[in-house]
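These notes concern the structure reproduced below.
Just so we're on the same page: letters track the sequence lines, and every chain starts at 1. These numbers come from the heavy atoms of this one structure, side chains and all, not from hydrogens, waters or symmetry mates.
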Protein chains: 2
Amino acid sequence: MASSLAAVTAESRPTFSIHWILGLEMEKSGNSVDLHRPWTEMGAEKENRNKRVCSKPFHCSEEVNSPQPSSSWYVGRRPRTAFTNSQVSVLETVFQVNCYPGIQLRERLAQRLDLEEDRIQIWFQNRRAKLRRSLRESSLQLVQTTVNDLQAGNKVRDQLELTSHLLVSDHE
Amino acid sequence: MASSLAAVTAESRPTFSIHWILGLEMEKSGNSVDLHRPWTEMGAEKENRNKRVCSKPFHCSEEVNSPQPSSSWYVGRRPRTAFTNSQVSVLETVFQVNCYPGIQLRERLAQRLDLEEDRIQIWFQNRRAKLRRSLRESSLQLVQTTVNDLQAGNKVRDQLELTSHLLVSDHE
DNA sequence: TTTTAATCTAATTAT
DNA sequence: ATAATTAGATTAAT
């Protein structure tokens, strides 16, 4: 609420400082206000993009030429959430019933498990991906098995054909 | 915090009620604990997909029992956030500088604009998609213009060729 | 009708 | 192994 008020105060003014908005973030990048849109140069440097030497684009825009993967002062990614066994247990149970929980159920789960709603959302997305993956794999395995069985069947048939051919030849 | 305690209490018990977990959500679906995984029956109903009966998995299961697919969808969806002009203004300004804000900047923006961090994340995702779309369109238009120019150039060249041919023919 | 917030998948990155 | 992020495609609210 207090932060909201501060924001509104600044927002009502047409010109506001980018430094004020970015706060501490600006200290590290200095005054350079360079755009970071790696996907505009798609074909050119795939390596740089894939490597994502700097998951914090802001600070590392100059690092495109000098990659320092192990700059540990900050990583732009949200720290990995470590779900407890109990939390996963509940989530798995709910997933069995409904793997596309709506906002109400997600909020409820967030409250009951003391997690943010978005963590729930992401968990279900990843869980569905996992299930799809396993289903794909098992169906692939089914195909493999079927192919193998067919091949085995063919071998038997070939054996039979060979035998019958020999018998026929024997008779002729 | 209180909800956390409640959750832990229930979690520590190996057997917990699915109804307790789902709470009010269960009222709608009754006692039937039917799985909802529309993508497991992918190949089976291609017609439905083409007919656009339900392209979202969510309505599919609901639609079986309820005749109002549209009303059942938006109850499950988070209510659309209405950003104020001021909020968008700040977001746009930050976007000019960094369209891939890390977790710190996202949290800072969330605090200052009185929004959830995930709303910020989603806003930037949609904003990047919009920018990419506009870039694609403008580059497409560039191609169109180039093609048109080339065609116009060809016409001029054809005119010149025709003229010279007539002149040559005239001399022969 | 247009714009865009929310949701989803698929692939990937990174812990 | 899986949480987090991205692009891209849709859906649906304004």
Side-chain angles (χ1 to χ4, degrees), chain A residues 36-40 42 46-57 69-72 74-85 87-88 91-92 95 99-107 115-136, chain B residues 36-40 42 49 52-60 68-85 87-88 91-92 95 99-103 105-107 115-137:
Chain A
H36 180 256
R37 290 168 195 163
W39 36 269
T40 57
M42 263 312 187
K46 267 199 163 184
E47 282 76 356
N48 284 343
R49 210 184 152 280
N50 289 341
K51 268 189 274 174
R52 285 187 76 73
V53 263
C54 42
S55 30
K56 190 78 183 76
S70 59
S71 57
S72 57
Y74 176 63
V75 172
R77 193 178 268 240
R78 167 186 293 273
R80 190 186 173 96
T81 304
F83 296 105
T84 66
N85 287 338
Q87 286 169 333
V88 172
L91 290 169
E92 287 284 358
F95 186 83
C99 68
Y100 290 97
I103 183 63
Q104 283 194 357
L105 182 45
R106 291 204 305 272
E107 294 281 16
L115 292 163
E116 298 162 64
E117 182 269 326
D118 191 41
R119 296 314 101 214
I120 309 288
Q121 176 86 301
I122 298 294
W123 188 90
F124 273 86
Q125 283 176 7
N126 283 319
R127 187 64 186 77
R128 288 195 300 268
K130 180 184 174 183
L131 179 53
R132 278 192 300 270
R133 205 186 312 127
S134 74
L135 286 173
R136 256 194 302 264
Chain B
H36 181 253
R37 288 170 196 162
W39 34 268
T40 56
M42 259 313 184
R49 250 184 66 215
R52 201 201 151 277
V53 174
C54 51
S55 32
K56 270 298 179 195
F58 219 159
H59 336 126
C60 286
Q68 295 121 343
S70 55
S71 65
S72 57
W73 165 247
Y74 69 75
V75 294
R77 189 181 268 234
R78 167 186 292 273
R80 189 186 172 97
T81 304
F83 296 107
T84 65
N85 288 339
Q87 288 169 332
V88 172
L91 291 169
E92 286 285 356
F95 187 82
C99 67
Y100 290 97
I103 182 65
L105 182 45
R106 291 202 306 272
E107 293 279 17
L115 293 164
E116 298 163 65
E117 182 269 326
D118 190 41
R119 296 313 101 212
I120 309 289
Q121 176 86 302
I122 299 293
W123 187 90
F124 274 86
Q125 284 175 7
N126 284 318
R127 188 62 187 78
R128 287 196 301 269
K130 180 184 174 183
L131 179 53
R132 280 191 302 271
R133 205 185 315 126
S134 74
L135 287 173
R136 234 176 273 134
E137 277 170 10

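When distances run from any side-chain atom of K130(B) to the nucleotides dC8(C), dT4(C), dA3(D), the shortest one goes to dT4(C). When distances run from any side-chain atom of R106(A) to the nucleotides dA6(C), dA3(D), dT7(C), the shortest one goes to dT7(C). In this structure, of dT15(C), dT7(C), dT9(C), it is dT15(C) that holds the atom nearest to the side chain of R80(A). For N126(A), the side-chain atoms get nearest to dA4(D) when compared with the rest of dA4(D), dA6(C), dT7(C). Of the candidates dG8(D), dT6(D), dA5(C), the closest approach to any side-chain atom of R128(B) belongs to dT6(D).
Remark: P of dT2(D) and CD of Q87(A) are 15 Å apart, rounded to the nearest angstrom. The CZ-C1' distance, from R133(B) to dT10(D), rounds to 12 Å in whole Å. What separates CZ of F124(A) from C1' of dA6(C) is a distance of 17 Å, to the nearest Å. dA4(D) atom P lies 13 Å from atom CD of E117(A), rounded to whole Å. Rounded to an integer number of Å, the gap from E92(B) CD to dT3(C) P is 14 Å. Whole-Å rounding puts the R136(A) CZ to dA10(C) C1' distance at 8 Å. In this structure, I103(B) atom CD1 and dT15(C) atom C1' are separated by 15 Å, rounded to whole Å. For the pair W123(A) CH2 and dT2(D) P, the computed distance is 10 Å after rounding to whole Å.
Taking both residues in full, the closest heavy atoms of C99(B) and F124(B) are given as O-CD2, 3.8 Å, listed atom of the first, atom of the second, then distance. Looking at every heavy atom in both residues, T81(A) comes nearest to R119(A) through OG1-CD, 3.5 Å.
A perpendicular orientation is assigned to the rings of W123(A) and F95(A), their planes being inclined by more than 60° (bins at 30° and 60°).
Axis deviation across the helix from dT3(C)-dA13(D) to dT15(C)-dA1(D) amounts to 20°, comparing end segments of five pairs, rounded to 10 degrees.
Q125(B) comes within contact range of at least one nucleobase, with a heavy-atom separation under 4.0 Å.
Taking side-chain N and O atoms only, Y100(B) has no distance below 4.0 Å to OP1 or OP2 of dA4(D). Between R78(A) and the phosphate of dA14(C), there is no side-chain N or O to OP1/OP2 separation shorter than 4.0 Å. Using a 4.0 Å cut-off, some side-chain N or O of R132(B) falls inside it from OP1 or OP2 of dG8(D).
In the interface, the side chain of R127(B) is not paired with the base of dT4(C) through any donor and acceptor atom under 3.5 Å apart. For R77(A) against dT15(C), a side-chain-to-base donor-acceptor contact under 3.5 Å is absent.
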Is there a side-chain contact (heavy atoms from CB on, under 4.5 Å) between L115(A) and Q87(A) once you walk through the steps? CA-CA 9 Å; L115(A) 292 163; Q87(A) 286 169 333; 3.6 Å; yes

Run L135(A) and R132(A) through side-chain contact (heavy atoms from CB on, under 4.5 Å) and show every step you take. CA-CA 5 Å; L135(A) 286 173; R132(A) 278 192 300 270; 5.5 Å; no

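Considering CD of Q125(B) and OH of Y100(B), their distance stands at 10.5 Å, rounded to 0.5 Å. Separating the CG atom in D118(B) from the CD atom in Q121(A) is a distance of 7.5 Å, to the nearest 0.5 Å. Note that the CZ atom of F83(A) and the CD1 atom of I120(A) stand 6.5 Å from one another [nearest 0.5 Å].
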